[in-house]
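Right, one structure below, let's go through it.
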Amino acid sequence: MAKRLTLYITIFLLIGIGLAPVISIFIKSLFVDGEFSLQNYGTLFQSDREWRLLFNSLTLAGATTLITLLLGVPLGMLFTKTDLPLKRLFAILFVIPLIIPSYILAIAWFYCLGRSGIVAIIFNVDFGIITSNLLFGFAGTLFVMVSALLPIVIILTMTYLRMVNPNLEEAARLHCSWTMVLRKITIPLIYPGIALAALIVFILTLGEFGVPSSLRFDVYSVESFTRFSAFYDFNTATTAAMPLGIITFIVLIVERLFLRKKTFIFRAAGSEKTMVMAPLGRTKPFFMAAVSILVFILVIVPLGVLLYKSVSFSAYAEAFIRSIGSIMRSLVYASVGATCLVVFGFFLGYLLERRALKFSFAADSIAIFLFALPGTVIGIGLISLWNTPGTNFIYASMGIIIFGYIAQYTALGERVLAATFSHLPHSMEEAGQIAGADWFRRLFKILIPLAKRGMAAAWLICFIFCLRDIGITMMVYPPAHDTLPVRIFTLMANSPDDLISALCVIMIIITLLPLFGLWLANKCAKKASTLG
Amino acid sequence: MIIKIDNVYKSYNKNLVIKGISIDIEKGERIVILGPSGCGKTTLLRMIAGFIHPDKGKLIIDGRIVADNGKCIIEPENRHVGMVFQDLALWPHMSSYKNLEFGLKAKNIPKMERRKRIDEIFEKVQMDRFKNVHPGELSGGQQQRIALARALVMRPTILLMDEPLSSLDTDLSLILRKEILKLQEEFAITLIYVTHDREEAFSLATRIVVMDSGMIQKTGTVKEISEYIYNASHK
């Protein structure tokens, strides 16, 4: 009974914090002056501008998905299946853009390709105008989105390749060359992973706010934000949020219907048998050069530009003076958010993996739907629901930001912990039950200690996502509650380059800090176990 | 002689798993490599297939040197070797028919010839009704037959089997052993079979190689090996 109650409370809170705001804006968009009306939608769909925005959003999402797949799948295969030199280093470098907020990449490229950017200084002003015209608009936004989301495709391709049973490839290797094995066996086997990567990239691009707004490319998520924050046109903002919600919903239904059943798990991750390697042979220098060029363009250049632009003590000193409050708030909010998300993720992950209640599938669908929904949509929903005199204690405090994190990122913690629970035999908990331990004793003495590594991983992932969030925070942050990403975003328009660059570097460092801590802890643990 | 394994060594992370093994195998023989888990028998089988290469020593198949002192000279696809894996390794995204057709297509066998060979082998393993069924929809025994058919349809000169019956129940395992014997004779293939099960080894082999700790302990006929094991256990 206590177990069911705990799980019911978690689901109820997820619905209250995450789903209710979305339902609230949907209902509000159906009323004009207190009466039911579809006028908002009529106005929306009669406007050419709205159709153009929808076209822009879908074109950007589609093109980003296509290019990240064309680059990411071969890169994932090179890092997993071949004898490419330095492949581990390359894999780590390619993942960095995922950890740092995507709009920071946009800023870096602005400093590089803008009218008075590094390229314009090196060549000439006319050339700077050409590069600037390219950057501000579809091409530039697409380029930055590709570099920001490419790691998702690489990581998922590598993960799915590692799950392929090597015997399936060896069985084919008896008859044909490596290239044919990859084409006919390996790639078809990882189709579900590739499709999942495509889906995530498509949805994240659709909801992206930071990059298109920095590079002035008009898309729906920016429109919702502008309508809301600049004009405080609540009706248009909520109505404009709906098409993104509907597209997200359709894409997720497609995923549930076609993808979920086709996921082949061929072997447990970390299986002892070594992976079959496809030797690159004489093509090795070519692939090495191609990967090096890509990593240089997509990772080294933007990071290098930020470091170069911020290389002065005074810039860092000023950055700290002007933003120390935001830095501290970012760390506190991300820590509190990640802790809440681990608690939610723990129970929802348990619910999903153990099928502990009849509607565990529905709870998972809600979490995934909210994760896929653009942050601006959730942000508008939260304001719509909580901006009342009675709930001002939440609306005017950090509580509203934490609610936003819970609404958007619960799926992350849930999925990581569901994967953790899938590796814990049911018998562990059952043995405790037979011994007479009640739910809370089993929870604190068996489940939590056994899942602590997964919980730490979930916390870290959630922390990074909360820290880099801008879509929700930008919408809902109360006065004097701005986080570092918001601070950078608001200072961008009228502050010197070196200050913004220094803030971006600080942002990258505080994002990488917990990862460094984890690496250090792992190293110490390994050393201790070797000595033991 | 169809296979000559000449003083081969193999190590993983400084751990020597094959320690100077030499075996000569005649055409048409049924060799069973018998030994406990981790003794190196699967490593030896995978060396013959060409998935791993000996660090030292020579491997000759059908008069051709296929691997020599850490170098792979002939790739797996050109060794004319068939293999049935322990977990069968049937491709889940292909039907039974496509599983069999894959290797034939890779060797550019014409469509008519492919169809003829596949139909013939499906009949031999009594799986005609399951041509268009995917592996996931088949029972353990049926999957086993498809895996065997997939290896045989290529008409290999050598068939390698890595504990293929280990996951089946005893009755089904007995039935399939008889079928393997029948098919091996019919196709006149050299069979190299790896197992840790003595009964299985005695029922299949014309010659048994007993392995332990990466070395050959004893080679002999079924009678000789059963006496060797009896004596060893009554010392």
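The figures that follow rest on heavy atoms only: side chains count, while hydrogens, waters and symmetry mates do not. Here is how names work: the chains are called A, B, and so on, in the same order as the sequence lines, proteins then strands, and each is numbered from 1.
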Mind checking whether B/Phe122 and B/Tyr97 have parallel, tilted or perpendicular rings, split at 30° and 60°? parallel
So, A/Glu429 versus A/Tyr350: side-chain donor-acceptor pair below 3.5 Å or not? yes
Taking non-hydrogen atoms and a cut-off under 4.5 angstrom, which of residues 133-141 of chain B neighbour chain A? none
Parallel, tilted or perpendicular, judged at 30° and 60°: which one describes the rings of A/Phe90 and A/Phe79? parallel
Check this for me: does any side-chain nitrogen of one of B/Asp162 and B/Lys41 sit under 4.0 Å from a carboxylate oxygen of the other? no
Electrostatic pair B/Asp62-B/Lys27, nearest N-O below 4.0 angstrom: no
Which bit of B/Ile52 is near chain A, if near means a heavy-atom gap under 4.5 Å: side chain, backbone, both or neither? neither
Please determine, among B/Ala147, B/Ala106, B/Pro76, the option with the most heavy-atom pairs under 4.5 Å with chain A. B/Pro76
Within the 3.5 Å criterion, strictly below it, is a donor on A/Ser177 or B/Glu75 matched to an acceptor on the partner's side chain? no
Under 4.5 Å from any heavy atom of chain A - which part of B/Met154: side chain
Can you tell me how far CG of B/Leu59 sits from CG of B/Asn69, rounded to the nearest 0.5 angstrom? 11.5 Å
